[in-house]
Amino acid sequence: MGVDLSDLVEDVKAEINLAELRGKKVSIDAYNAIYQFLTAIRQPDGTPLIDSQGKITSHLSGIFYRTINLMENGIIPIYVFDGKPPELKSAELQRRKKIKEEAEKKLEKAKEEGKTTELKKYSQMATRLTNEMADEGKKLLKSMGIPIVEAPSEGEAESAYINAIGLSFATASQDYDSLLFGAKNLIRNLTITGKRKLPNKDIYVEIKPERIELEPLLKKLGITREQLIDIAILIGTDYDPSGIKGIGPKTAYRLIKKYGRIEKIIEANEIPKNSIDFDINQIRQLFLNPNVKKPEENLDLQNPEEQEIIEILVNQHNFNEERVKSALERLNKAIKETKGLSRQTGLDQWF
DNA sequence: CTGCTGTA
DNA sequence: TACAGCAGG
């Protein structure tokens, strides 16, 4: 989970048409995307898609079809994979692990009792993204000719950095953390089909892609990125998951506007000093100067290796060959058109 | 989440 | 053609 800044971005977020992204590169936090596929691509009883060996394949289905859809819309995704998480994230990762272990227990119980709604809920909560799944995703994307980047640390930070130095038009993520990391242009809800299921309910709502630009956001709020980061720290980030008790986005914003920075808020006795049991400066640095690198990887599209894709999806994971082949036709057509787009604009960079 | 099929 | 409902692996 990232920090919840939804209340603060309300006024600057704008719905966008996918057409606006035609011919543009978009960097994507791969873990974020894969995790969504793992939780969403399931049967009504909560079982994920699996191959004949019982191995989960939901992530491969999601990556494959979503990527082709993006390409058909002229959008070139750059998938950014996580490296080693920062030390400061270990408490949060531990917390998530514990939640999953509890969900696994409840899942077993629900199985025994045959409660289907519980079954679905807990199997989603128990979802784990393994290194093997990430590796399979990388391999599939490579064979599709899609650029991938291996981040030194957090994928979301690297994706934001790629955007900040102009190697992508936008960064796509569900979390707002990208903005804290300095992304200029954040796109949320980057999906093609507009319907999405509400959590734990069988209701579908229309979801449209939206854009939030960092500079207009800061201008509108009348604060600096440093101050936005302080707001996030007060609310709670992955590095201080519980934040300050009783402080949400609105209060955090008000306090930062009034006092400028967290230390001053403490001095003014607006929050108890002992409510901060973490190193503020260390967290600030993780957002302001994250461990990122200029990608050495080639960020241009390559030609897809069809045989390799069929080997992975059909031979190894029991995807339907005809479905895969028809999707590959769409991919090839999309690549031709996208290359045509770049020729028309006379640029070899796809902007 | 996304693709595909059946229905009007 | 458009869209609901189910299947995918």
Side-chain angles (χ1 to χ4, degrees), chain A residues 1 17-18 21 26 28-77 79 116-117 119-121 123-130 132-141 143-144 146 172-175 187-210 304 306 308-335:
Chain A
M1 309 299 328
N17 269 320
L18 285 171
L21 298 176
V26 173
I28 299 177
D29 175 12
Y31 269 67
N32 205 305
I34 292 175
Y35 194 80
Q36 281 178 55
F37 295 141
L38 287 172
T39 52
I41 304 179
R42 284 165 185 270
Q43 291 178 317
D45 69 353
T47 330
L49 301 186
I50 50 169
D51 62 21
S52 59
Q53 297 172 65
K55 288 177 61 181
I56 295 177
T57 55
S58 297
H59 56 304
L60 297 176
S61 178
I63 290 170
F64 185 58
Y65 292 114
R66 167 76 64 81
T67 302
I68 291 173
N69 270 328
L70 291 173
M71 292 292 297
E72 279 189 310
N73 282 272
I75 302 166
I76 297 126
Y79 285 90
T116 45
T117 47
L119 210 69
K120 189 171 184 188
K121 181 179 160 193
S123 55
Q124 284 186 347
M125 280 176 69
T127 302
R128 280 176 205 265
L129 201 173
T130 64
E132 191 185 6
M133 289 171 180
D135 288 343
E136 288 166 343
K138 284 178 203 170
K139 217 172 140 195
L140 176 60
L141 286 165
S143 66
M144 292 173 77
I146 305 299
S173 177
Q174 284 312 101
D175 295 344
I187 294 173
R188 301 184 71 240
N189 309 328
L190 183 65
T191 52
I192 310 304
T193 63
K195 59 178 183 181
R196 181 165 306 168
K197 214 179 79 60
L198 259 40
N200 307 323
K201 291 182 186 137
D202 276 328
I203 302 167
Y204 286 83
V205 286
E206 276 290 307
I207 300 282
K208 295 208 164 174
E210 62 187 36
E306 295 205 18
E308 179 68 19
I309 296 169
I310 287 171
E311 172 60 26
I312 296 171
L313 294 180
V314 178
N315 298 345
Q316 294 177 15
H317 296 295
N318 308 103
F319 278 55
N320 180 293
E321 181 162 9
E322 294 195 346
R323 274 194 175 204
V324 171
K325 282 190 169 165
S326 88
L328 283 177
E329 278 181 31
R330 288 165 51 206
L331 177 64
N332 284 324
K333 195 170 162 226
I335 287 177

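We name chains A, B, ... by the order of the sequence lines, and we start the count at 1 in each one. Values in this document were obtained by computation on a predicted structure and should not be read as measured data.
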(message) Please evaluate residues A:Leu190 and A:Leu18 with respect to the criterion side chain to side chain contact (heavy atoms under 4.5 Å, CB included), reporting the C-alpha separation (whole Å), side-chain torsions for both, the decisive distance (0.1 Å), and the verdict.
(response) CA-CA 8 Å; A:Leu190 183 65; A:Leu18 285 171; 3.8 Å; yes

Rounded to the nearest Å, what distance is computed from the [atom1] atom of residue [X] to the [atom2] atom of nucleotide [N]?
{"X": "A:Ile56", "N": "B:dC1", "atom1": "CD1", "atom2": "C1'", "result": "15 Å"}
{"X": "A:Arg42", "N": "C:dG5", "atom1": "CZ", "atom2": "P", "result": "23 Å"}
{"X": "A:Arg323", "N": "B:dC1", "atom1": "CZ", "atom2": "C1'", "result": "12 Å"}
{"X": "A:Leu313", "N": "B:dG3", "atom1": "CG", "atom2": "C1'", "result": "14 Å"}
{"X": "A:Asn69", "N": "B:dT2", "atom1": "CG", "atom2": "P", "result": "6 Å"}
{"X": "A:Phe64", "N": "C:dG9", "atom1": "CZ", "atom2": "P", "result": "11 Å"}
{"X": "A:Lys325", "N": "B:dG3", "atom1": "NZ", "atom2": "P", "result": "19 Å"}
{"X": "A:Asp45", "N": "C:dC6", "atom1": "CG", "atom2": "C1'", "result": "14 Å"}

(request) Name the closest nucleotide to the A:Tyr65 side chain, picking from B:dT2, C:dG9, B:dC4. (result)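 That would be B:dT2.
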
(message) Starting the side chain at C-beta, find the nucleotide from C:dG9, B:dT2, C:dG8 nearest to A:Arg66.
(response)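 Among C:dG9, B:dT2, C:dG8, the one nearest the side chain of A:Arg66 is B:dT2.
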
(message) Does either side chain, that of A:Thr47 or that of A:Asp45, offer a donor lying less than 3.5 Å from an acceptor on the other one?
(response)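 Result is yes, a qualifying pair exists.
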
Would you say a side-chain N or O of [X] is under 4.0 Å from OP1 or OP2 of [N]?
{"X": "A:Arg330", "N": "B:dG3", "result": "yes"}
{"X": "A:Ser326", "N": "B:dC4", "result": "yes"}
{"X": "A:Asn318", "N": "C:dG8", "result": "no"}

(request) Look at all strands and tell whether A:Ser58 reaches a base, only sugar-phosphate, or nothing, counting heavy atoms closer than 4.0 Å. (result)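 The residue A:Ser58 makes no contact with any strand.
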
(request) Identify whether any heavy atom of A:Pro48 sits under 4.0 Å from a base atom; if not, whether one sits that close to sugar-phosphate; answer base, sugar-phosphate or nothing. (result)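 Touches a base.
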
(message) What I want to check is whether an N or O donor and acceptor connect the side chain of A:Glu322 with the base of B:dG3 at under 3.5 Å.
(response)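 A donor-acceptor contact between them is absent.
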
(message) Taking NZ in A:Lys139 as the centre, count heavy atoms belonging to other residues, nucleotides or ligands within less than 6.0 Å. Is the count above 12?
(response)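 Open: at most 12 neighbouring heavy atoms sit under 6.0 Å from NZ of A:Lys139.
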
(message) Rounded at 0.5 Å granularity, tell me how far CG in A:Asn315 sits from CG in A:Asp51.
(response)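 Rounded to the nearest 0.5 Å, the CG-CG separation comes to 12.0 Å.
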
(request) State whether the side chain of A:Thr67 and the backbone N or O of A:Phe64 hold a donor-acceptor pair below 3.5 Å, judged by distance alone. (result)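 Checked: no pair found.
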
